[in-house]
2 protein chains.
Amino acid sequence: MSTLRARQKQERQDRIVGSAKALFKKVGFDRTTIESIADAAGVSSVTVHNYYGTKSGVLLALVNESDSLLIEKLEASLPTADIELLELTLMFARQIMDHAIATLEKNIWRQVVAAVTSDAGSQLSMAYRKLDQQLADVLVRRIESAQRAGTLQPQIDALHLGRALFQLQNARFIQFISFDGMTQDEIELRLRNDLTALFAVGIGGSTQ
Amino acid sequence: MSTLRARQKQERQDRIVGSAKALFKKVGFDRTTIESIADAAGVSSVTVHNYYGTKSGVLLALVNESDSLLIEKLEASLPTADIELLELTLMFARQIMDHAIATLEKNIWRQVVAAVTSDAGSQLSMAYRKLDQQLADVLVRRIESAQRAGTLQPQIDALHLGRALFQLQNARFIQFISFDGMTQDEIELRLRNDLTALFAVGIGGSTQ
DNA sequence: CAAAAATTTTAGTTGAATAAAAAATTTTTT
DNA sequence: AAAAAATTTTTTATTCAACTAAAATTTTTG
């Protein structure tokens with residue numbers, strides 16, 4: 001029951017992450033210094049480094065937390081059956097964008113993506129990727145359930161389809177956060193166009 | 001005809017970009033300092049800053065150059081007609097990966113992606129995105145020509161299909177560079193699975 | 001050769017990151 | 001409960017490199 005010390009550690013970490021979030025939102029990532037985070041959290045800057053290694057480390061820790069919530073929310077709110085594949089995917093995308101915007105500014109999300117890419121391999125990057133995979137799994141399971149419900153042909157490969165749809169959605173999400181002027185509606189339209197065009201390919205069968 | 005000065009400027013820039021490339025390949029991005037680039041190029045570090053602003057700036061300049069070549073190469077080598085959509089896309093993806101690996105290490109590509117994402121909005125980021133769009137256009141044109149050749153149903157929306165395929169390919173490309181252990185074959189397989197699953201959706205028509 | 005333009009030098013700021021010793025706190029032992 | 005041991009945090013100090021500003025110098029042009 002080594003817990004008093006552990007609890008305090010947890011509290012300290014919570015304070016750090018909380019202060020970081022507030023500062024990121026207030027003055028942006030670049031202009032937030034590790035020292036300002038440390039000050040706001042009532043710890044020393046060395047402690048921040050000890051826990052999270054780098055400034056990006058703090059950011060990723062913060063995002064990992066909030067993304068775990070997103071998965072639960074998605075799991076709960078995404079309709080289970082009786083929905084078109086295209087609509088399902090769009091709904092999925094919309095919820096992710098909603099969540100992202102509710103959590104942090106686009107600008108900060110760009111830093112998240114950059115950090116995950118730039119130091120792929122770090123603990124926190126890998127945690128982030130794992131969450132992505134869980135998101136993809138949500139989609140896969142909905143596809144399977146649509147197949148059971150008869151809304152979608154059963155011979156389709158649900159796993160690969162779900163992953164492909166996730167990749168596409170994710171690519172568009174990154175586009176969404178990459179431009180301040182890009183609206184959710186515009187991204188939704190693009191994703192819709194993507195899917196419509198792709199789904200149209202199979203329709204005619206081989207022309208040969 | 002203000003050209004002597006302009007020529008020297010160009011030469012200086014070439015030297016900077018060349019030295020940077022050599023250093024990035026040799027010791028990696030992080031351990032290359034702007035001063036070492038400047039030294040190798042025979043200019044002062046301030047000059048490097050003046051031209052490219054940041055270290056990432058130099059990197060993006062370098063990549064923009066080499067990617068222009070890629071587009072030409074693709075345009076020349078990608079078969080014009082008489083090819084399946086799936087094979088076309090895979091070939092496209094393969095050439096991009098080949099080019100990427102021939103140019104820089106995965107590690108450096110990660111920095112490229114990070115830089116483009118992190119300061120979206122900078123000149124060089126936007127140039128990079130423009131090149132991406134040109135890449136997508138190559139795909140679109142091949143699709144149109146496949147339609148003219150009768151290999152693909154003419155009623156399909158070539159523009160949106162091409163863009164969707166590019167997005168998917170790009171997502172998989174980023175996955176490719178994100179892990180040192182990820183092979184081209186593995187990525188090709190994933191992309192093939194993506195496409196097969198997506199194209200299968202249309203086949204049955206509506207079940208409703 | 002003088003004017004104009006660009007580069008380099010000089011000098012300084014900033015903040016991330018790290019190391020090692022000191023201080024504080026918690027746990028364990030007596 | 002007090003002392004000792006163990007662990008964590010903070011202090012202190014330093015390094016490193018990106019980036020910037022302004023003056024000095026060089027180069028080009030007319």
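Numbered from 1 within each chain, the chains take letters A, B, ... in sequence-line order. Fair warning: this is a prediction, and the values are worked out from it, not measured in the lab.
A donor-acceptor pair shorter than 3.5 Å cannot be found between the side chains of Q134(B) and D67(B).
Nucleic acid contact for S45(A): none, since no nucleic acid atom lies under 4.0 Å from a heavy atom of the residue. Among the protein residues, S56(B) comes within range of no part of the nucleic acid, since none of its heavy atoms lies under 4.0 Å from any strand.
Residue Y51(A) contributes atom OH, which lies 9 Å from atom P of dT8(D) at whole-angstrom precision. Taking atom CG of residue N50(B) and atom C1' of nucleotide dA21(D), one finds them 11 Å apart after rounding to whole Å. The distance between atom CD of Q13(B) and atom C1' of dT7(C), rounded to the nearest whole Å, is 13 Å. Straight-line distance from the CD atom of Q10(B) to the P atom of dT7(C): 12 Å, rounded to whole Å. Atom CD1 of I37(B) and atom P of dA18(D) are 8 Å apart (whole Å). With rounding to whole Å, I34(A) atom CD1 is found 5 Å from dA17(C) atom P. Here dA17(D) presents its P atom at 12 Å from CG of D39(B), a figure rounded to the nearest Å. Distance R12(A) CZ to dT26(C) C1': 11 Å, rounded to the nearest Å.
One finds a salt bridge joining E75(B) and R142(B) here, because a Lys/Arg side-chain nitrogen approaches an Asp/Glu carboxylate oxygen to under 4.0 Å. Electrostatic pairing of R192(B) and E87(B) counts as a salt bridge here, judged by a charged N lying under 4.0 Å from a carboxylate O.
Between D30(A) and V46(A), the residue whose closest nucleotide on DNA chain C is further toward the 5' end is D30(A).
Of the candidate nucleotides dG15(C), dC19(D), dT10(D), dT10(D) has the atom nearest to the side chain of T47(A). For S44(A), the listed nucleotide lying nearest its side chain is dT10(D); candidates were dA18(D), dT10(D), dT9(C).
Ring geometry for F24(B) versus F29(B): interplanar angle of 30 to 60°, hence tilted.
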